[in-house]
Amino acid sequence: MQSKYIWLKGRLVNHSEATLHFLTPGLHYGMAAFEGIRCYQTTRGPAIFRLREHIERLLGSCKVIGWKQLPFDAAQLIEACRLTVQANGFQECYVRPLVYQAEGGWNLSSDAGEPHVGIAVWEWNGYLGAEAQEKGVRANVSSFTRHQPNVMMTKAKIAGNYPNSVLAKTESMRLGFDEAIMLDGQGMVAECTGENIFAVLNGRISTPPEGNILAGITRDSLIHLAADVGYEVATQPISRDQLYLADEVFVCGTAAEVIGLREIDFRTIGSGRTGPITRALQDAYRAVVSDNHPRSAGWLTRVDTEARPTRSQDDLRVAI
Ligand SMILES: Cc1ncc(COP(=O)(O)O)c(C=O)c1O
């Protein structure tokens, strides 16, 4: 996690100074909302992929938590992300804004205490391994069930949701797999620990409906990129054995990007290599994030233009 500066509560501080008190309630009860965003190198300098959509999802997560006010609005958080990347001088990096419950809230109410905001950036490549893009990875169906609505809020990227992912991922890796596929409470395929999932069934791209899953921004991007080349993506329930029989299965997320699953539960998927549709979507994704695609202009926010310091958190309280 090497970087020089972290943006904390409205200003950039040295990496070593970005510390929190042990008695920060967000740490004890998982009351924090976060985003994972990527900044990519382009010929016109670094650019952040779908920054506005990520910040909007972050504000949505805060609303789901129940906070009524935040110290910053969307425009300020967008600016702060750009500023943090710029200050650290990275061409490519991962961007992690986090809103966390601070200064009270020990009565288990989001009405007590105050949400504070920080943003860190670091260089982070090959989330599912160096060869994942090329060769695909191996996954198992987890023994842990995915969250379901009204137990946890699956549309929100809340820190306290993530032990479910950590349990599944740790189990998978200890079993020798690279990633876990999680089923929902009804036994249908939901998503992976940090990625959404797609299957090519009889030549048709399908993905589980949004009900139980995080509505991934990469998922949304791939649905658009697939439509651009003539593939309508069907949103439909997918069973575990449909995955086994699929022509291709791939997963996508900001950290992992677009990765084929070459094996699930010791069954070879399709040819056992990254399939042609997965490859086409990987290529389209790469083109769009490198500013070489008709959709790039709408989806990339350049870092090096107009980034300026934001106001401090004392200036403003923003209702959400
Ligand atoms: C559980 C889960 N599902 C799906 C995703 C993919 O979402 P996105 O494409 O917005 O990164 C993530 C990552 O944020 C995740 O944590």
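Just follow the structure's listing: the first ligand is 1, and inside any ligand the first atom is 1. Positions are given from 1 along the sequence. Every value quoted in this text rests on a predicted model; they were computed, and no experiment measured them.
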Pairs under 3.5 Å, N/O atoms on ligand 1 and on the protein: can you put them in a table with the distances?
residue	atom	partner	partner atom	Å
ligand 1	3 (N)	Glu191	OE1	2.7
ligand 1	9 (O)	Ile217	N	3.3
ligand 1	9 (O)	Thr218	N	2.9
ligand 1	9 (O)	Thr218	OG1	2.6
ligand 1	10 (O)	Arg57	NH1	2.8
ligand 1	10 (O)	Arg57	NH2	2.9
ligand 1	10 (O)	Ile217	N	2.8
ligand 1	11 (O)	Thr254	N	2.9
ligand 1	11 (O)	Thr254	OG1	2.6
ligand 1	14 (O)	Lys157	NZ	2.7
ligand 1	16 (O)	Lys157	NZ	3.3
ligand 1	16 (O)	Tyr162	OH	2.4

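No option in Arg57, Arg50, Arg96 other than Arg57 meets the salt bridge (Lys or Arg N to Asp or Glu O under 4.0 Å) test with Glu35. Here the rule is side chain to side chain donor-acceptor pair (under 3.5 Å) with Thr193, and of Lys169, Arg146, Glu179 only Glu179 fits it.
With a 4.5 Å cut-off on side-chain heavy atoms, Tyr5 and Thr84 do not count as touching.
By the 6.0 Å and 45° rule, Arg38 does not stack over the aromatic ring of Tyr94.
Heavy-atom neighbours of Lys135 NZ from other residues, nucleotides or ligands within 6.0 Å: at or below the threshold of 12.
Across Ala256 and Leu128, no two heavy atoms sit closer than the pair CB-CD1, 3.9 Å.
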